[in-house]
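Values below: every heavy atom of this structure, side chains too, minus hydrogens, waters and symmetry copies.
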Amino acid sequence: MKVASWNINSLRVRLPHVLEWLDKHQPDVLGLQETKLPDHDFPADAFFDAGYDVRFSGQKTYNGVAFVFRDDSVGQPDELVTSLSEYEDSQKRIIAGTFGDTRIYNLYVPNGQSVGSEKYEYKLDWLTALRLQVEADTKQFDKIVLMGDFNIAPEDRDIHDPERWNGKIMCSDAERGQLQQITELGFTDLLRKHNDSNDVFSWWDYRMGAFERNNGLRIDLVLGSAAMVSVCEACHVDSAPRALDRPSDHAPVWAKFAQ
DNA sequence: ATGGTGGCCACGCCA
């Protein structure tokens, strides 16, 4: 099974990039974030024509998440949820489902704006609610994948300029602490199983030629439970789509499992 | 310290 995560910053604008990427990389399950369109506008037919089925939870203008998956390989997802059980939230940031025996979460963690802001508190509260929900699932499932735009750089080697970003949004101790509490439930950052370099990033600001200078952060993650780590054959950030015309500011991340 | 770019939508919000 091959899974992937991609914040595409408007599905309307990026649909051609997504279809091109699906054709080239053939993931079994792709999680999209920031679709930015209401459910009645979701371009389901374009995915059907490409051999994929879809599940989505969207809203106008902001946020929005979706699963794009191959019914002929992973079947239909069971136990689909589109909200946090422990947090009342009008923003569409989560979709989770069980594909075969694997529970997959697709997440758009709040950005948090700036440390100490109201949106920052919302981000921390949201992550607490996520941890409680994932913890409950760990008692029911051995195979769990948590993937998405976490809006957190786990370590300094995930930041192009750690000194400049020190303590700032996406790098603060409280955010990293929340991520660590989730990983301590038994999850591994799968890219780090295969790659320990300090220049692998998944997001580059649109401004100041950040991509051309590789001034990025690695904030898009695929986390696997122990049963997924043991069968993980590869995990990779594909920066190629970031170089296209009118790109998303994020690159897709994929992971391949032997089962 | 500021502002730079992009999407949505039609002005300011969000990232």
Side-chain angles (χ1 to χ4, degrees), chain A residues 5-21 31-43 46 56-66 68 84 87 89-95 106-127 130 147-154 158-172 174-176 178-179 201-221 237 239-253:
Chain A
S5 168
W6 195 2
N7 179 323
I8 38 85
N9 185 22
S10 167
L11 183 53
R12 272 190 246 269
V13 174
R14 237 65 70 185
L15 181 60
H17 291 185
V18 176
L19 293 173
E20 184 182 341
W21 197 84
L32 299 175
Q33 305 94 37
E34 285 208 270
T35 53
K36 292 189 171 179
L37 43 75
D39 288 347
H40 63 261
D41 286 337
F42 195 93
F56 41 81
S57 177
Q59 63 186 99
K60 185 174 141 68
T61 309
Y62 302 119
N63 310 310
V65 287
V68 178
L84 290 170
Y87 190 86
D89 190 6
S90 60
Q91 302 187 28
K92 306 301 188 185
R93 297 181 173 277
I94 177 170
I95 186 166
N106 176 35
L107 306 165
Y108 178 44
V109 176
N111 171 282
Q113 192 178 50
S114 59
V115 174
S117 67
E118 276 185 29
K119 292 191 178 75
Y120 182 72
E121 295 304 319
Y122 164 60
K123 180 179 195 174
L124 298 178
D125 291 345
W126 196 95
L127 287 163
L130 173 65
M147 64 181 181
D149 176 2
F150 281 75
N151 271 314
I152 301 171
D158 300 309
I159 307 167
H160 68 93
D161 184 349
E163 283 183 27
R164 188 164 78 74
W165 280 85
N166 183 35
K168 296 226 167 24
I169 197 67
M170 301 192 274
C171 311
S172 71
E175 293 165 84
R176 286 173 166 177
Q178 289 285 55
L179 179 61
F201 309 124
S202 68
W203 170 81
W204 302 260
D205 199 294
Y206 283 121
R207 297 165 284 193
M208 307 298 288
F211 179 66
E212 288 71 20
R213 302 163 194 239
N214 200 26
N215 289 346
L217 271 64
R218 193 175 68 90
I219 56 177
D220 299 270
L221 311 175
V237 179
S239 59
R242 184 63 178 80
L244 297 173
D245 280 341
R246 287 193 85 185
S248 167
D249 46 352
H250 294 253
V253 187

How are the rings of A:Y122 and A:Y87 set relative to one another: parallel (under 30°), tilted (30 to 60°) or perpendicular (over 60°)?
tilted
Would you say the side-chain atoms of A:S57 pair up with the backbone N or O of A:R93, donor to acceptor, closer than 3.5 Å? no
Under 3.5 Å donor-acceptor, A:N106 side chain and A:L32 backbone
yes
Distance, rounded to the nearest Å, where [X] contributes [atom1] and [N] contributes [atom2]:
{"X": "A:D149", "N": "B:dC14", "atom1": "CG", "atom2": "P", "value": "17 Å"}
{"X": "A:K36", "N": "B:dA15", "atom1": "NZ", "atom2": "P", "value": "9 Å"}
{"X": "A:L217", "N": "B:dA15", "atom1": "CG", "atom2": "P", "value": "16 Å"}
{"X": "A:E34", "N": "B:dG7", "atom1": "CD", "atom2": "P", "value": "11 Å"}
{"X": "A:I8", "N": "B:dA15", "atom1": "CD1", "atom2": "P", "value": "15 Å"}
{"X": "A:Q33", "N": "B:dC14", "atom1": "CD", "atom2": "P", "value": "20 Å"}
{"X": "A:R14", "N": "B:dG6", "atom1": "CZ", "atom2": "P", "value": "10 Å"}
{"X": "A:M208", "N": "B:dT2", "atom1": "CE", "atom2": "C1'", "value": "10 Å"}

Return no unless some side-chain N or O of [X] is found under 4.0 Å from OP1 or OP2 of [N].
{"X": "A:S10", "N": "B:dG6", "value": "no"}
{"X": "A:K119", "N": "B:dC14", "value": "yes"}
{"X": "A:R246", "N": "B:dT5", "value": "no"}

request  = Sort out the partner of B:dG4 for me: Watson-Crick or G-U wobble, both distances under 3.5 Å, none otherwise.
outcome  =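 Paired with B:dG4, as far as the under-3.5 Å criterion goes, is no nucleotide at all.
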Check: Which base, if any, makes a Watson-Crick or G-U wobble pair with B:dA10, both distances under 3.5 Å?
Finding: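 None - no nucleotide pairs with B:dA10, as no candidate has both distances under 3.5 Å.
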Specify the residue among A:R12 and A:N7 whose closest nucleotide of DNA chain B lies further upstream toward the 5′ end.
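First, find each residue's nearest nucleotide; the 5'-ward one identifies A:R12.
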Residue pair A:H250/A:Y206 against DNA chain B: nearer the 5' end by closest nucleotide is A:Y206
**Item:** B:dA15 and B:dA1, which share atom name P, separated by this distance in whole Å
**Value:**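 These two P atoms come out 24 Å apart once rounded.
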Fill in: Pairwise C1' distance for B:dA10 and B:dC14, with rounding to whole Å
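About 16 Å, rounded to a whole number of Å.
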Would you kindly say whether A:N111 and A:K123 are connected by a side-chain donor-acceptor distance under 3.5 Å?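 Side-chain D/A pair, A:N111 to A:K123: absent.
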*Minimum-distance pair of heavy atoms, taken over all atoms of A:H250 and A:N7*: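 Result for this residue pair: CB-O, 3.3 Å.
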For a quick check of understanding: with a heavy-atom distance under 4.0 Å over all strands, which category does A:Y108 fall into, base, sugar-phosphate or nothing?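 A:Y108: backbone/sugar contact only, no base atoms under 4.0 Å.
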(message) Any base atoms under 4.0 Å from A:R93, or only sugar-phosphate, or nothing? Heavy atoms, all strands.
(response) sugar-phosphate
Ranking B:dG6, B:dA15, B:dC8 by distance to the side chain of A:R207, first place goes to B:dA15
